[in-house]
Amino acid sequence: MTVGRFITFEGVEGVGKSTQLAQLQGALLAAGREVVATREPGGTPLAERIRALVLHDRSEPMPDAAELMLMFAARAVHTENLIRPALARGAWVLCDRYTDATYAYQGGGRGVADEAIEPLARLAQRGLMPDLTLLLDVPVAAALPRARARTAAADRIEGETQLFFERVRARYLQRAALEPSRVRVIDASGDVAAVAARVLAAVQTLESR
Ligand code: Z5A
């Protein structure tokens, strides 16, 4: 069976993940690859409905446990219905956020214990892990203005404080230090082309596998 590649993009909001994902998608398509570009939470019709709930529903307070489980509910649907079939037919799946985001946002940001996250990750992923995670990194003070200049109305998470995003970034960097062969920290400062060149260099290590 042909097996594709699973690449995830991570980082605080505004760091340039969506921009870099599109750049890499273009480069891979030009090289003749089948590419599936997707995002979390979301990526399938049902998972996008869960996304709308978890990011935008303000009808009543959402406990951290509910936010956590909705992220994993969306992930289970997305993993089974889109990511696994795409990988099985040999596609390269480029995903804007995956489980590292849960450790960073719900873990680092909200303070949920890893012991609560780990069993849900096992259940939702059934052993699937990204082949490569590109952690785009700049100081929070540089990333947030990019996102906020663009977005009129913040969602439930985007409205958090700078301190929250500092904790998110710290947790991401901690995870990268623990798994350096999977998680590559990409300096996301400079213009789009400069960052894209760094991303491509990291991805080229997968081409030869
Ligand atoms: N979340 C969670 O809590 N737990 C989870 O498990 C998962 C997610 C999976 C999803 O939000 C939210 O869900 C997210 C985490 C949470 N919340 N937050 N915060 P989203 O999908 O709506 O948005 P996002 O993932 O946070 O990303 P973003 O705000 O869209 O940012 P981005 O993709 O990193 O950046 P961008 O859109 O590519 O670029 C932002 C702007 O900067 C744009 O105008 C670009 O043109 C510009 N840009 C990009 N690159 C550059 C460079 N190099 N220089 C200058 N300007 C640039």
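Each ligand, and each atom within it, is numbered from 1 in the order the structure gives. It should be emphasised that the depicted structure is a prediction, and the values quoted were computed from it without experimental measurement.
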Just do the salt bridge (Lys or Arg N to Asp or Glu O under 4.0 Å) check on Arg110 and Glu160 with the steps written out, would you?
-> CA-CA 10 Å; Arg110 301 278 192 230; Glu160 284 295 339; 2.7 Å; yes

Audit row: Arg39, Glu48, salt bridge (Lys or Arg N to Asp or Glu O under 4.0 Å) steps and yes/no | CA-CA 9 Å; Arg39 68 173 182 181; Glu48 289 289 331; 2.7 Å; yes

Step by step, would you call Arg126 with Glu80 a side chain to side chain contact (heavy atoms under 4.5 Å, CB included)?
-> CA-CA 9 Å; Arg126 294 196 306 115; Glu80 293 307 316; 3.0 Å; yes

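For the pair Arg146/Thr19, no side-chain contact is recorded, criterion being any heavy-atom separation below 4.5 Å from C-beta on. Val36 has its side chain out of reach of Leu94: every pair of non-hydrogen atoms, C-beta onward, lies at least 4.5 Å apart. Between Leu55 and Arg156, every side-chain heavy-atom pair lies at or beyond the 4.5 Å cut-off.
At a heavy-atom distance under 4.0 Å, only side-chain atoms of Met71, from C-beta outward, approach ligand 1. In Asp191, the part holding a heavy atom less than 4.0 Å from any atom of ligand 1 is the backbone. Contacts between Pro41 and ligand 1, counted as non-hydrogen atom pairs separated by less than 4.0 Å, involve both the backbone and the side chain.
The distance criterion of under 3.5 Å between nitrogen or oxygen atoms is not met by Leu55 with respect to ligand 1. For ligand 1, the polar-atom distance check finds an N/O of Gly16 within less than 3.5 Å of one of the ligand's N/O atoms. Between Ile157 and ligand 1, a contact under 3.5 Å exists for no N or O pair. Backbone and side-chain nitrogen or oxygen atoms of Thr102 are examined, and one is located within less than 3.5 angstrom of a nitrogen or oxygen of ligand 1. The distance criterion of under 3.5 Å between nitrogen or oxygen atoms is not met by Val195 with respect to ligand 1.
For Ser189, the heavy-atom gap to ligand 1 stays at 4.0 angstrom or more. Residue Gln20 places every heavy atom at 4.0 Å or more from ligand 1. Using a 4.0 Å cutoff on heavy atoms, Gly11 does not count as a contact of ligand 1.
Taking the charged nitrogens against the carboxylate oxygens, Asp100 and Arg175 do have a contact shorter than 4.0 Å, which makes a salt bridge. Ion pairing of Glu40 with Arg51 is absent here, as no side-chain N (NZ or NE/NH1/NH2) approaches a carboxylate O to less than 4.0 Å.
For the residue pair Asn81/Thr44, the side-chain donor-acceptor check at 3.5 Å is not satisfied. There is no side-chain donor-acceptor pair under 3.5 Å between Thr133 and Tyr98. In the model, Tyr105 has a side-chain atom that pairs as donor or acceptor with a side-chain atom of Arg97 under 3.5 Å.
Remark: ligand 1 atoms within the under-4.0 Å shell around heavy atoms of Glu40 are 9 (C). Those atoms of ligand 1 with a heavy atom of Val192 less than 4.0 angstrom away are 50 (N), 51 (C), 52 (C), 53 (N). Close contacts of ligand 1 with Gly190, meaning ligand atoms under 4.0 Å from a residue heavy atom, involve 52 (C), 53 (N), 54 (N). Within ligand 1, counting atoms from 1 as listed, the ones closer than 4.0 Å to a heavy atom of Thr19 are 36 (P), 38 (O), 39 (O), 45 (C), 49 (C). In the vicinity of Phe165, heavy-atom distances shorter than 4.0 Å reach the ligand 1 atoms 19 (N).
Distances from atom 21 (O) of ligand 1 to the heavy atoms of Arg39, Arg51, Arg97 show the closest one on Arg51. The option with the heavy atom closest to atom 3 (O) of ligand 1, from among Glu67, Gln106, Glu160, is Gln106.
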